[in-house]
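Report on the following structure.
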Amino acid sequence: MNYYLGLDNGGTSTKAAIFDENGQQIASAGMDTVMLIPRPGFTERDMDEMWEANCQVIRKSLKKAGLSGTDIRCVSVCGHGKGLYLWGKDGRPVRNGIISTDNRAWRYPLTWEQNGTAQKVFQRSCQHILSSQPVSLLAWLRDHEPETLENTRWIFACKDYIRYRLTGEAFAERTDYSGCNLLNLYTGEYDRDLLALFGLSDCADKLPPLRYSTDICGHITETAAENTGLAAGTPVAGGAFDIDACALGVGVTDPSRLCMIAGTWSINEYIGTAPIVDGSVLMNSMFCLPGCYLMEECSPTSAGNNEWFMKNLLPELRQECTEKGTSIYEIMNGWVEEIPADEFCPIYLPFLMASNVHPNACGSFVGISNFHTRKHLLRSVYEGVTFSHRYHLEKLLKTRQEPPASIRLAGGAARSPIWTQMFADVMKLPVESVQANETGALGCAVLGAVACGDYSDVKSAAENMCHISQAVMPDAARCAVYDRKYELYCKTIAALDKVWDSIQDYKDNATGQGQHTS
């Protein structure tokens, strides 16, 4: 039997999972790293802590599986897109890694939109510009931490940094870098004119050589082998942007199905043979199937809100579950199920980290009364997150001639029956998931199986390794209830649109931030 190791690095979570050639998940392990918030809107992580977390979960997954490093045919890595991980000329991280939820550079996309830069950029990258993309963060560093860029040897995406620590070889994998406004989507290559538009020409020699998802991008070094338990010389595949890996992990290999990932980010996507170039979707990027593109609507407005609620509003329940060894998520699902779908819960705007409606929108509960309990507020979070996905879905549906046959759901919501049903009812489409807990790591395993030659191509590997669960069907009565609630959600967003800039001005004055652009 052949085995493949997939690594999935989220904003703060690090997971490893081992799969066999049939897609059976043999073992997995995970742990969290600390999110550092040095200032409001800044989200970072210690890059050495992140690497050590990867080493630990690899060792744990091998132990759980009862396998040795020599049993692993190939390693493949995925990770969150956007953000920034800089490797120094001195062979060390230059600074903390910047996570994809960071919003310090929010003014830069606005300025580029106003001065016409964004329109010129779109002609080459087929992407709108986000504050958390490397181009925005690099521009911020250029203006606020010039010494950081001076000391930088390599500009990495999240997973490419981890692959570098595994192999000692620096490469940039195309699904990630084409989602960063760093590639010309038509050529699939770096574009010096594109960098010049951002004022980042000096960064060109810091970008690693480009590779594809199924390319072998090095082998496990002796040092990495000692740290991880893997065998030195084990091949490491290029891997993928985590949204590609998850889509692949849930078997999305043609345009007929749409993928939703409910993790830290609300990811909503489908694949096609040509990008959407009229500006109606947020992102077009290269997919890990040759000749295919990923059309994406996204924002950091998804299940990360649920984690915040659990950690900050249910601390005693969290502690109790830790002590008893029970699942707080099962209890939370039960709480949500106790509240009828048609009962009014406060409108929740899931904008704790950023939004898909206004660059300065904040998380909010609107409509709270003394009748409402934490159970109502928790249901509000489930609903608000799901409505944010629908907000993106409606944009995607306008770009398609045919509606999707179903939604393939991944992320935390896919492990919750009540939330999965809510997705079906709110989207009014069947919802399917994959029979594996770690879909991103499964997508990595698929790529690894192809990279080492055990399958001839990505599509056939996915067909053999991804096993889809029975569809959850929408309920007509609940669909009608959620339509009314979604209308309230949209009206609330519209009503608050003029408030957010004033709140941001107050925060800037209170903290003395005073950010500026060049």
Side-chain angles (χ1 to χ4, degrees), residues 6 8 15 17 19-28 243-263 266-271 302-303 306 327 329-334 336-338 340-341 379 382-383 385-387 389-390 392-393 396-397 400 402-446 458-483:
D8 186 352
K15 301 173 183 177
F19 297 86
D20 66 21
E21 61 196 27
N22 300 313
Q24 180 70 32
Q25 184 171 311
I26 306 302
S28 66
I243 66 173
D244 293 69
C246 282
L248 191 58
V250 294
V252 174
T253 58
D254 63 58
S256 66
R257 285 172 173 80
L258 191 143
C259 177
M260 286 187 172
I261 308 169
S266 166
I267 304 295
N268 311 271
E269 58 193 9
Y270 69 92
I271 65 172
S302 194
N306 200 44
S327 171
Y329 297 105
E330 289 183 7
I331 294 172
M332 291 166 72
N333 288 333
V336 172
E337 202 162 14
E338 286 181 31
R379 186 176 183 98
Y382 276 48
E383 291 180 355
V385 165
T386 311
F387 292 151
H389 278 269
R390 175 167 166 175
H392 286 303
L393 172 66
L396 289 179
L397 292 180
R400 297 172 57 102
E402 298 290 337
S406 65
I407 290 170
R408 295 276 171 87
L409 184 63
R415 294 188 285 273
S416 164
I418 182 70
W419 215 346
T420 300
Q421 183 66 62
M422 189 179 292
F423 267 78
D425 295 337
V426 170
M427 311 308 162
K428 295 183 281 190
L429 286 166
V431 172
E432 300 163 325
S433 58
V434 71
Q435 295 173 14
N437 291 331
E438 303 301 340
T439 51
L442 175 56
C444 288
V446 170
V458 173
K459 188 169 185 178
S460 62
E463 287 172 350
N464 283 279
M465 296 177 68
C466 303
H467 308 288
I468 307 304
S469 65
Q470 185 174 353
V472 174
M473 304 304 293
D475 175 86
R478 286 193 299 269
C479 288
V481 169
Y482 286 125
D483 278 347

Under 3.5 Å: donor-acceptor pair, side chain of [X], backbone of [Y]:
X      : Y      : answer
Asp425 : Asp475 : yes
Asn22  : Gln24  : no
Gln421 : Met473 : yes

Please name all residues satisfying side-chain hydrogen bond (donor to acceptor under 3.5 Å, both in side chains) with [X], sequence neighbours left out, ordered by chain then number.
X      : answer
Lys428 : Asp483
Glu383 : Arg379, Lys485
Asp8   : none

Can I get a per-line list of side-chain donor-acceptor pairs under 3.5 Å for residues 406-414, giving both atom names and the distance, sequence neighbours left out?
| from | atom 1 | to | atom 2 | distance (Å) |
| --- | --- | --- | --- | --- |
| Ser406 | OG | Arg257 | NE | 3.2 |
| Ser406 | OG | Glu432 | OE1 | 2.8 |
| Arg408 | NE | Glu432 | OE1 | 2.6 |
| Arg408 | NH1 | Val250 | O | 2.7 |
| Arg408 | NH2 | Glu432 | OE1 | 3.4 |

Is any side-chain heavy atom of [X] less than 4.5 Å from a side-chain heavy atom of [Y]?
X      : Y      : result
Val426 : Arg478 : no
His389 : Phe423 : yes
Cys466 : Val446 : yes
Pro474 : Met427 : no

Once you round to the nearest 0.5 Å, how far does [atom1] of [X] lie from [atom2] of [Y]?
X      : Y      : atom1 : atom2 : answer
Asp244 : Ile267 : CG    : CD1   : 10.0 Å
Phe19  : Met465 : CZ    : CE    : 7.5 Å
Leu248 : Thr253 : CG    : OG1   : 8.0 Å
Met260 : Arg390 : CE    : CZ    : 10.0 Å
Ser327 : Asn333 : OG    : CG    : 7.5 Å
Glu337 : Ser416 : CD    : OG    : 8.5 Å

Using a cut-off of 6.0 Å, state whether more than 12 heavy atoms not belonging to Glu463 lie near its atom CD.
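More than 12 within 6.0 Å, yes.
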For the residue pair Trp419 and Tyr382, categorise the inter-ring angle as parallel (less than 30°), tilted (30 to 60°) or perpendicular (more than 60°).
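Judged by the thresholds at 30° and 60°, the geometry between Trp419 and Tyr382 is parallel.
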Heavy-atom pair of closest approach, residues [X] and [Y]:
X      : Y      : value
Gln435 : Ser469 : NE2-CA, 3.8 Å
Ala471 : Pro430 : CB-CB, 4.2 Å
Ala17  : Ser28  : CB-CB, 3.9 Å
Thr439 : Cys246 : OG1-SG, 3.7 Å

By side-chain contact (heavy atoms from CB on, under 4.5 Å), which residues pair with Glu338, not counting sequence neighbours?
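Expected list: Trp335, Lys375.
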Can you list everything that forms a side-chain contact (heavy atoms from CB on, under 4.5 Å) with Pro404? Sequence neighbours excluded, please.
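Checked Pro404 against side-chain contact (heavy atoms from CB on, under 4.5 Å); matches are Leu258, Leu397, Arg400, Leu429.
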Run the side chain to side chain contact (heavy atoms under 4.5 Å, CB included) test on Tyr270 and Leu396 for me, step by step, so that the C-alpha distance in whole Å, both residues' side-chain angles and the decisive distance to 0.1 Å come before the verdict.
CA-CA 8 Å; Tyr270 69 92; Leu396 289 179; 4.2 Å; yes
